[in-house]
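What follows is a single structure, written as structure tokens, with notes after it.
Quick note: numbers below take in every heavy atom, side chains included, and nothing from hydrogens, waters or symmetry partners. Treat the numbers as computed from the prediction; the structure is a model and nothing was measured. Quick note: residue numbers are just sequence positions, from 1.
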Amino acid sequence: MVLLSNRCFAAAFAGFVLGALPLVARADETIFRDGFEFGFQVLTPDIVVAPGEGATYCYYFHTPNTGTMGIRRWASTMSAGTHHMILYATFDSNGNPIDFQPPGTLTQSSCSISSGSNFASWIYAAHNPNEDLVVPSDDGSGTPLAMEIAAGQPAFLQMFVLNTGDTPITTSALLQAEALAPQAAFTRTAAYVTYNTNISIGPQANASVQLTCATPAAAKFWWVSPRTHKFALTSRVINSAATVVVNTDWEHPAAATFSAPNFLVFSSGLTYGCDYQNPTSATIHTGESESTDETCMGIGYFFPAAHSAYCINNIGPL
């Protein structure tokens, strides 16, 4: 495990840490220009993936920032074998930060976005070896948007690893958070996630699901994307009768982005839908397994936000 934070680490040390691993920082990474900018990075332990293996791992940690940060950009690098990853922050039912597992735990067991009454809040996802998410620098009034991360926030990276070759491979992932300067004013933005729990696709059958969720009051969206697993043919997000985004590649979900003054406002709720084809002899249900289950989600980043929000089926925002 490697956790680095703030300007107090020299660029030479960062280069040494990365040089020992099968990951290299991108040449255009602001966080590595002239030493560290405000922010932090998290490097997962190595995972050995057997030939033909497809599995979900979770790596639990605390963010290494010592004060609250407004994150203006997330970036990630995944080495070969990491198919995609999702960053979650974890909270109890009252919204207080809480650990799902001890920091430093890497596990396949209990690798879930919920734990009793506790819940995980979607922060960032990556589906390509090198990817980033840039938060808009203007909320329409000249104030930047940012995602608020508390000091030492409990979090985990959920990683789907896949080896289609004939020999074992070793993989890992690097997450980087680029922050606004301390004390800088920002408008808080967070994720709104819709989730369908009632998917059922019969053996050798096709199926479609579609639901509509109310959105948070006065919410403006700057990024929207659908999400599924591998049995999906298409997925979509709709605003009234207008299609916002359609995806036909579950491995690389399409996203629609918006900026000032033309942020997206859902006039009659966020509609999310998915179409599936089941080539197997078993019924496929909603679940977290990328290999045997399915999901249908509409995900967006909105503001102003006091916290992230969810909609289960069509009940929300929660």
Side-chain angles (χ1 to χ4, degrees), residues 56 58 71 74 84-100 110-125 133 135 145 147-150 153-158 187-199 209-229 232 235-239 244-245 247 253 255-256 263-274 285-290 293-318:
T56 299
C58 285
I71 305 303
W74 296 100
H84 64 265
M85 70 179 196
I86 306 170
L87 171 65
Y88 293 96
T90 54
F91 302 90
D92 65 18
S93 58
N94 295 316
N96 301 309
I98 191 172
D99 286 310
F100 278 17
S110 302
C111 190
S112 175
I113 61 173
S114 62
S115 176
S117 61
N118 304 325
F119 67 95
S121 176
W122 178 292
I123 303 293
Y124 166 75
L133 178 71
V135 180
L145 297 174
M147 298 186 195
E148 186 173 288
I149 300 295
Q153 171 67 54
F156 68 93
L157 279 170
Q158 186 186 74
T187 298
R188 187 174 178 181
T189 183
Y192 183 48
V193 178
T194 66
Y195 186 76
N196 190 316
T197 64
N198 297 321
I199 299 168
V209 295
Q210 185 162 298
L211 290 167
T212 299
C213 288
T215 52
K220 298 179 182 180
F221 287 78
W222 56 270
W223 187 98
V224 177
S225 179
R227 173 175 168 77
T228 66
H229 294 166
S235 55
R236 59 201 167 273
V237 174
I238 298 170
N239 180 14
V244 177
V245 60
N247 184 59
F263 292 112
L264 175 65
V265 175
F266 285 92
S267 57
S268 57
L270 186 160
T271 298
Y272 64 111
C274 304
H285 296 286
T286 303
E288 295 185 33
S289 171
E290 304 280 351
D293 299 327
E294 258 306 335
T295 192
C296 186
M297 302 170 67
I299 302 161
Y301 295 107
F302 74 100
F303 73 95
H307 50 74
S308 60
Y310 287 85
C311 178
I312 306 302
N313 297 319
N314 59 351
I315 307 301
L318 305 172

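A distance of 9.5 Å separates CH2 in W74 from CG in L133, rounded to the nearest 0.5 Å. Of the inter-residue distances, the one linking C213 atom SG with N313 atom CG reads 8.0 Å to the nearest 0.5 angstrom. With values rounded to the nearest 0.5 angstrom, N118 atom CG is found 4.0 Å from I98 atom CD1.
For the 3.5 Å distance criterion, the side chains of N314 and T212 fail to qualify, holding no donor opposite an acceptor.
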Test log, rule side-chain contact (heavy atoms from CB on, under 4.5 Å), inputs I238 and Y272: CA-CA 6 Å; I238 298 170; Y272 64 111; over 6 Å; no

Verdict with supporting geometry, Q210 and T271, side-chain contact (heavy atoms from CB on, under 4.5 Å): CA-CA 7 Å; Q210 185 162 298; T271 298; 3.5 Å; yes

Show your working on side-chain contact (heavy atoms from CB on, under 4.5 Å) between T56 and E288 and close with a plain yes or no. CA-CA 9 Å; T56 299; E288 295 185 33; over 6 Å; no

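Using bins of under 30°, 30° to 60° and over 60° for the plane-to-plane angle, the ring pair W223/Y301 lands in the tilted bin.
With a 4.5 Å cut-off on side-chain heavy atoms, T194 and I299 do not count as touching. Here the side chains of I123 and M147 are in contact, with some heavy-atom distance below 4.5 Å. Between I312 and T197 there is a side-chain heavy-atom pair separated by less than 4.5 Å. The shortest side-chain heavy-atom distance between H307 and F91 does not fall under the 4.5 Å cut-off. Looking only at side-chain heavy atoms (C-beta outward), V244 and F221 stay at 4.5 Å or farther from each other. A 4.5 Å side-chain heavy-atom check between I199 and C296 finds at least one atom pair inside the cut-off.
Between S267 and N239 the shortest heavy-atom distance is N-OD1, 3.0 Å. Of all the heavy atoms in A191 and F302, the pair that sits closest is O-CE2, 3.7 Å. Summarising the geometry of A125 relative to W122, their closest heavy-atom pair is CB-CZ2, 3.5 Å, with the distance given to 0.1 Å. The minimum heavy-atom distance between L87 and A155, with the atom names listed, is CD1-CB, 4.2 Å. The two residues F119 and Y310 come nearest to each other via the heavy atoms CD1-CE1, 4.4 Å. Taking every heavy atom of both residues into account, R236 and P226 meet most closely at N-CB, 3.8 Å.
Put simply, the side chain of T286 gets close to the backbone of N196: a donor and an acceptor are under 3.5 Å apart. The main-chain N or O of S225 is never found under 3.5 Å from a side-chain atom of N247 such that the two would form a donor-acceptor pair. Checking side-chain atoms of E294 against main-chain N and O of H229 turns up a donor-acceptor pair under 3.5 Å. A donor-acceptor pair under 3.5 Å is absent between the side-chain atoms of Y192 and the main chain of L270, judged by distance alone. Judged by distance alone, the side chain of T228 and the main-chain N or O of T295 form no donor-acceptor pair under 3.5 Å. Listed for the S121 side chain is no donor-acceptor partner under 3.5 Å among the backbone atoms of A89. No side-chain donor-acceptor contact under 3.5 Å links N94 to the backbone of N96. In this structure a side-chain-to-backbone donor-acceptor pair under 3.5 Å is present from Q153 to T90.
Side-chain rings of F263 and W222 stay apart, their centers remaining 6.0 Å or farther from each other. Y88 has its ring centre no less than 6.0 Å from the ring centre of F100.
Taking 4.0 Å as the cut-off between side-chain N and carboxylate O, R227 and E290 count as a salt-bridged pair.
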